[in-house]
There are 2 protein chains.
Amino acid sequence: MPESHPEHARFPVTVDVVALTVADDTLNVLLITRLIEPFRGTLALPGGFVLAGEDLLSAAARELAEETGVEHVPGHLEQLGSYGPKGRDPRGDVLTVAHLLLAPNFPVLSAGSDAEHAGWYPVSQVLRGEVQLAFDHERILADALERAKSKLEYSPLAAAFCGEEFTVAQLRAVYEAVWGTRLDPRNFHRKATGTPGFLESTGRMTAGDAGRPAALFRLAKTARPTAGQPTHAVLNPPLMRPRD
Amino acid sequence: MPESHPEHARFPVTVDVVALTVADDTLNVLLITRLIEPFRGTLALPGGFVLAGEDLLSAAARELAEETGVEHVPGHLEQLGSYGPKGRDPRGDVLTVAHLLLAPNFPVLSAGSDAEHAGWYPVSQVLRGEVQLAFDHERILADALERAKSKLEYSPLAAAFCGEEFTVAQLRAVYEAVWGTRLDPRNFHRKATGTPGFLESTGRMTAGDAGRPAALFRLAKTARPTAGQPTHAVLNPPLMRPRD
DNA sequence: TCAAAAGTGTTCCGAATACACCCATGT
DNA sequence: ACATGGGTGTATTCGGAACACTTTTGA
């Protein structure tokens, strides 16, 4: 490294958030419609510039709050990876750090504000190319989906898609939506409830649905995030997705 | 996002490289001794500032070449993750994008140049805190090790630590060094040679060593990187490391 | 009484483990 | 001959897949 402290190029840095949720057995991603150039009128991931003195996760959480009205992170937020800075923004070199948010379905509140309109879109539609995304956001979304798929295998993060309490069937619906597969309900039940450090019984039951009431579970204490810090708990043995 | 295009803070961006290799059944990391402040005289990961018009992987490869004399990437290079920009450099906010290089043991050539002296250090020593690293490089190294461990499970990248041709025992030594475990030579042999899309026989044998000569293998064609692009091949079923 | 979903028991099979054993070389 | 590491065969065990079956509700 030449140490004459020359023009160390400085780059604008943005954070983008791939917010995923499961609704109606479908994996959805939160997208905004851009109101400004470039890519005006095009769908894009929510995100924006990192401010001085700000950390990456904080910036991602702030942008999420600004564009959805959600005050504190409603699920699991983690860094996905960085893209650029070359050739991904027509205005010039911009480095973006993409983030992945796994969250229960939450209402998008900013529809009426002067910010961009935000809404949920099925991931499969976007990745099939039925809608175009701005910048390299389609690639980022593809990477995020792959990350999410593998996260479900060896971490308890599927529960981040559910609320505080949930049934085994709801949890299974998450796996099926993210992995795009069908899982045997009986074997899944045994595996999920039998994996140490994953689920914790609440003693409560559902009522009013069709069929037999289901027991309500929550994430085991050791797998829960503490003080806003995301969990790093490991599912051992992993819940492997079917290959091929 | 307030779209008045205000002071979008611009950040200096660096790339750091965690170069790992296996030598004498030990996992080693490439470190330099810093010749300038801050952290002058302290060991650190090789790295440096991203230049205008440069991409992240290119910058990482360039810094590696500048500080080790290696012309083209001698193994598998991938992005690890980004750190900062807040509070990790006493000079101010610097965003760094860490990279992971898995490579066969290569000589460090820059010892005599005016660049920093570079050398291999056992990862275990560093993570035990027996040597201090500059900035947040110890945390980055810890993350890199975790990434490397899991990469070996589901990708053919253990071969990136070996040369062009290698024996099953050499490959096993890589797994043992990275995972810090012992593996049964017989079962490992069966698993490695029996995994489709992993190893390919060269027909050649070793000679001159103690014991029976070993067959030489290379990475299967479908698992080899093409045109400098890293491989994304997947090992299925994975080679699972022993847990607990 | 029937449909629907929850949950349990059981069988089957393939993969991981442990280890006995043989092979091919250097000394 | 013997030590050293390479490689194969085999019994055991464990976990996942498949699925019959019972349980508990709503309609």
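Small disclaimer: the values here were computed from a predicted structure and weren't measured. Just so it is clear, the values below take in all heavy atoms, side chains as well, and ignore hydrogens, waters and symmetry mates.
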By nearest heavy atom, map A/D184 and A/D209 onto DNA chain D; which one lands nearer the 5' end? A/D184
Separation of C/dA6 atom C1' from A/L216 atom CG, nearest Å, is 12 Å
For the side chain of A/R186, starting at C-beta, report the closest nucleotide among C/dA18, C/dA20, C/dT8. C/dT8
Using a cut-off of 4.0 Å on non-hydrogen atoms, how would the nucleic acid contact of B/A169 be classed: base, sugar-phosphate, or nothing? sugar-phosphate
Quick one: B/N187 CG to D/dT13 C1', roughly how many Å, whole number? 13 Å
May I ask you to check whether A/S82 and B/S82 show a side-chain donor-acceptor distance below 3.5 Å? yes
Between A/P213 and B/T167, just flag the one whose closest nucleotide in DNA chain D comes earlier from the 5' side. B/T167
Using distance alone, with no hydrogens and no angle criterion, decide if A/Y154 and A/N236 have a side-chain donor and acceptor under 3.5 Å apart. no
Any side-chain N or O of A/R172 less than 4.0 Å from the OP1 or OP2 oxygen of C/dA6? yes
Between D/dA18 (P) and A/F188 (CZ): distance, integer Å: 16 Å
For B/E130, look at atom CD and say whether over 12 heavy atoms of other residues, nucleotides or ligands are found less than 6.0 Å away. yes
Is there a donor-acceptor pair closer than 3.5 Å between any side-chain N or O of B/Q132 and the backbone N or O of B/L43? no
Distance in angstrom units between A/L235 CG and D/dG15 C1', rounded: 15 Å
Taken to the nearest whole Å, CZ/B/R190 to C1'/D/dG7 is 9 Å
Considering only side-chain heavy atoms of A/A215, which listed nucleotide, D/dC19, C/dG7, C/dA4, is closest? C/dG7
Would you kindly compare B/P238 and A/A214 by the position of their nearest DNA chain C nucleotide and give the one closer to the 5′ end? A/A214
Minimum-distance nucleotide (side-chain atoms of A/H189 versus D/dC19, C/dT8, D/dG7): C/dT8
Spacing of B/L199 atom CG relative to D/dG7 atom P, expressed in whole Å: 11 Å
Nearest whole angstrom, please: distance from the P of C/dA16 to the CG of B/L183. 13 Å
Within the 3.5 Å criterion, strictly below it, is a donor on B/T96 or B/D16 matched to an acceptor on the partner's side chain? yes
Give a yes/no on whether any side-chain N or O of B/K191 is located under 4.0 angstrom from OP1 or OP2 of C/dA16. yes
Just how far, in rounded Å, is P of C/dA5 from CE of A/M205? 16 Å
Nearest to the side chain of B/R212 - D/dT24, D/dC19, D/dG6? D/dG6
